[in-house]
Amino acid sequence: MAAPGRARRGARLSAAALLALPALALLALLAVPAGRGGGAGAGGREAQPGFSLPLLLPPGLREELRQRWRDLRRLEAAAGGGEAVAAAGLGCGDLSRATAVSVLGWGFTKVVARAALAGGGTVALKSVHGAGREVRRCVQRYGAPAGCRRLAAYKLLKEVTLLQRLQHPGIVKLHGQCYDNSGDAELRVTAMLELGSPLEMIQLLQTPWEERFKICLSLVKLLFYLAHSPLGSIALLDFQPRQFVMVDGNLKVTDMDDASTEELSCKEDNDCTLDFPTKSFPLKCSVAGKCEGINEKKNLFNAYRYFFTYLLPHSAPPALRPLLSDILNATGDLRYGINETLRAFEKVLHLYKSGGMCLGLREGHKCWPSYSHLGCLLSVHSPEEAAAICNSQLHCQSFIVTQHRTWTGELGQVSGVLQ
């Protein structure tokens with residue numbers, strides 16, 4: 001690591017930093033001599049590339065580039081105020097020494113790879129997907145591949161800027177960045193991020209209720225932070241499970257390039273209808289000409305339709321089901337804001353911790369969903385519920401509680417006995 005306050009310089013990513021070859025779905029990471037480009041150093045923040053374009057670019061593309069550049073500069077100005085921006089420690093030198101690079105996936109704009117750092121540890125590398133839909137559509141329209149890749153690179157720079165400013169356990173950590181803007185219209189950016197595993201909803205549905213509640217609670221805490229962030233209320237415009245990853249059992253949002261820090265402008269209430277495929281919600285237009293709470297409510301309803309409806313109700317403790325039903329109804333109708341939703345979740349957590357324990361059966365006796373693949377180990381809310389579950393199991397005669405604990409810190413886990 002470089003000394004605090006000193007920028008780290010080193011080899012930049014090559015002209016084909018992450019090459020997308022659609023036929024083979026292959027990426028290559030190539031190092032080039034040091035001397036151009038830059039990288040964020042420990043204790044310091046890398047200067048962003050300036051805006052300069054060759055005159056040969058089509059006028060429409062030049063205007064789109066100018067607009068994204070202006071949006072990026074506005075975001076950087078907002079991010080620079082208040083408390084200091086967190087420094088990212090890895091730079092181009094670290095990137096050039098990375099090994100074991102393998103593709104994890106790609107989307108419309110970006111491609112993501114896994115890499116091992118020379119000093120130990122692994123990171124996720126994000127860069128522009130040169131064969132992605134966003135770049136392809138731009139090239140079809142303007143016929144300027146380099147300028148179109150730069151247009152996509154500004155989205156990645158926006159994400160880097162947001163991750164530098166937003167610090168929360170529910171947001172992936174930015175470990176560093178590397179960029180090269182030595183070409184004319186070209187701009188090559190690589191972000192080095194905390195590595196997670198894709199969120200698999202089918203697998204989550206098969207986990208114990210306690211774990212599913214943990215996922216939903218962590219999501220609510222993230223949305224509370226985004227509603228009150230240092231940059232104002234932030235909406236995740238592309239809010240879907242694929243935008244999240246799991247890191248050490250914790251849910252984290254990993255894509256921020258489509259996040260919006262601006263609330264919709266309006267002249268009257270009719271301008272503020274929040275539309276979803278199955279529902280619409282009328283909102284108020286404030287005296288400041290903004291749709292009140294639209295970012296917060298958009299996030300909350302998406303959390304309801306993509307997470308809460310699937311993860312909260314099934315196999316929930318009977319004593320908690322009325323509260324969970326209230327949460328589902330209130331968020332599904334947007335009668336709760338994020339503040340009320342967080343309070344409701346914390347109430348459920350308190351009640352669960354105050355009465356929780358686990359029920360287990362002898363190794364070899366299976367039940368679903370279980371903490372153990374070898375036997376039956378279930379989290380329950382009360383001795384009465386444990387007895388009810390045991391009575392429903394044909395071979396269960398008794399159960400005992402041990403001193404092991406789950407993530408709530410209060411629940412005794414169980415070694416079950418068959419008699």
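Crowding of R321 atom CZ: a count of heavy atoms from other residues, nucleotides or ligands under 6.0 Å exceeding 12. Heavy atoms of other residues, nucleotides or ligands lying less than 6.0 angstrom from OH of Y306 number more than 12.
Side chain of Y154 to backbone of R66: no donor-acceptor contact under 3.5 angstrom is found. Although no hydrogens or angles enter the test, the distance criterion places no donor-acceptor pair under 3.5 Å between the side chain of K155 and the main chain of R68. When atom types are taken as modelled, the side chain of D271 and the backbone of S265 share no donor-acceptor pair closer than 3.5 angstrom. Remark: the backbone N or O of I234 is not paired with any side-chain donor or acceptor of T261 at under 3.5 angstrom.
For C216, there are no disulfide (SG to SG under 2.5 Å) partners at least two apart in sequence or on another chain. For F276, the ring pair (Phe, Tyr, Trp, His ring centres under 6.0 Å) partners two or more places apart in sequence, or in a different chain, are F301. Residues that satisfy the ring pair (Phe, Tyr, Trp, His ring centres under 6.0 Å) test with Y336, not counting sequence neighbours, are absent from this structure. By the salt bridge (Lys or Arg N to Asp or Glu O under 4.0 Å) test, K347 pairs with no residue at all, sequence neighbours left out. With sequence neighbours left out, the side-chain hydrogen bond (donor to acceptor under 3.5 Å, both in side chains) criterion links K279 to D333. With sequence neighbours left out, K252 forms a salt bridge (Lys or Arg N to Asp or Glu O under 4.0 Å) with E194. Applying the side-chain hydrogen bond (donor to acceptor under 3.5 Å, both in side chains) rule to D275 yields the partners S280; only residues at least two apart in sequence or on another chain are considered. With sequence neighbours excluded, no residue forms a salt bridge (Lys or Arg N to Asp or Glu O under 4.0 Å) with R137.
Nearest heavy-atom pair across G147 and L65 is O-CD2, 3.9 Å. Nearest heavy-atom pair, L312 versus L324, reported as atom, atom and distance to 0.1 Å: O-CD1, 3.9 Å. Summarising the geometry of G337 relative to T341, their closest heavy-atom pair is O-OG1, 2.8 Å, with the distance given to 0.1 Å. Nearest heavy-atom pair across Y225 and L166 is OH-CA, 3.4 Å.
With respect to C272, the disulfide bond (SG atoms under 2.5 Å apart) criterion is satisfied by exactly one of C291, C266, C285: C291. Partner of F213 under the ring-ring contact (aromatic ring centres under 6.0 Å, His included) criterion, chosen from F345, F307, F308, Y352: F345.
For the atom pair S260 OG and N299 CG, the distance stands at 10.0 Å (nearest 0.5 Å). Taken to the nearest 0.5 Å, the CD atom of E134 stands 3.5 Å off from the OG1 atom of T109. Note that CD of Q140 is 9.5 Å distant from SG of C148, once rounded to the nearest 0.5 Å. Rounding to the nearest 0.5 Å places CE of M256 at 6.0 Å from CG of L226. Residue I215 holds its CD1 atom at 3.5 Å from CE of M246, rounded to the nearest 0.5 Å. Distance check: F224 CZ to L342 CG gives 6.0 Å after rounding to the nearest 0.5 Å.
Sorted by first then second residue, the side chain to side chain donor-acceptor pair (under 3.5 Å) pairs that include residues 234-247, not counting sequence neighbours, are D238-Q243, Q240-R242. Applying the salt bridge (Lys or Arg N to Asp or Glu O under 4.0 Å) test to pairs two or more places apart or on separate chains, those with a residue in residues 106-117 are K110-E159, K110-D255, K110-D257. The salt bridge (Lys or Arg N to Asp or Glu O under 4.0 Å) contacts involving residues 286-304 comprise E262-K290, where partners must be two or more places apart or lie in separate chains. Pairs of residues two or more places apart, or lying in two chains, never qualify as salt bridge (Lys or Arg N to Asp or Glu O under 4.0 Å) while including a residue from residues 219-236.
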Intermediate values then yes/no, side chain to side chain contact (heavy atoms under 4.5 Å, CB included), L151 and Y142: CA-CA 12 Å; L151 190 67; Y142 297 117; 5.7 Å; no
Residue pair I171, L222: steps toward the side chain to side chain contact (heavy atoms under 4.5 Å, CB included) verdict: CA-CA 8 Å; I171 302 175; L222 168 63; 3.6 Å; yes
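Side-chain atoms of R212 and S315 include a donor-acceptor pair closer than 3.5 Å.
A salt bridge links R70 with E63: the closest approach of a Lys/Arg side-chain nitrogen to an acidic carboxylate oxygen falls below 4.0 angstrom. A salt bridge links E76 with R73: the distance from a Lys NZ or Arg NE/NH1/NH2 to an Asp or Glu carboxylate oxygen falls below 4.0 Å.
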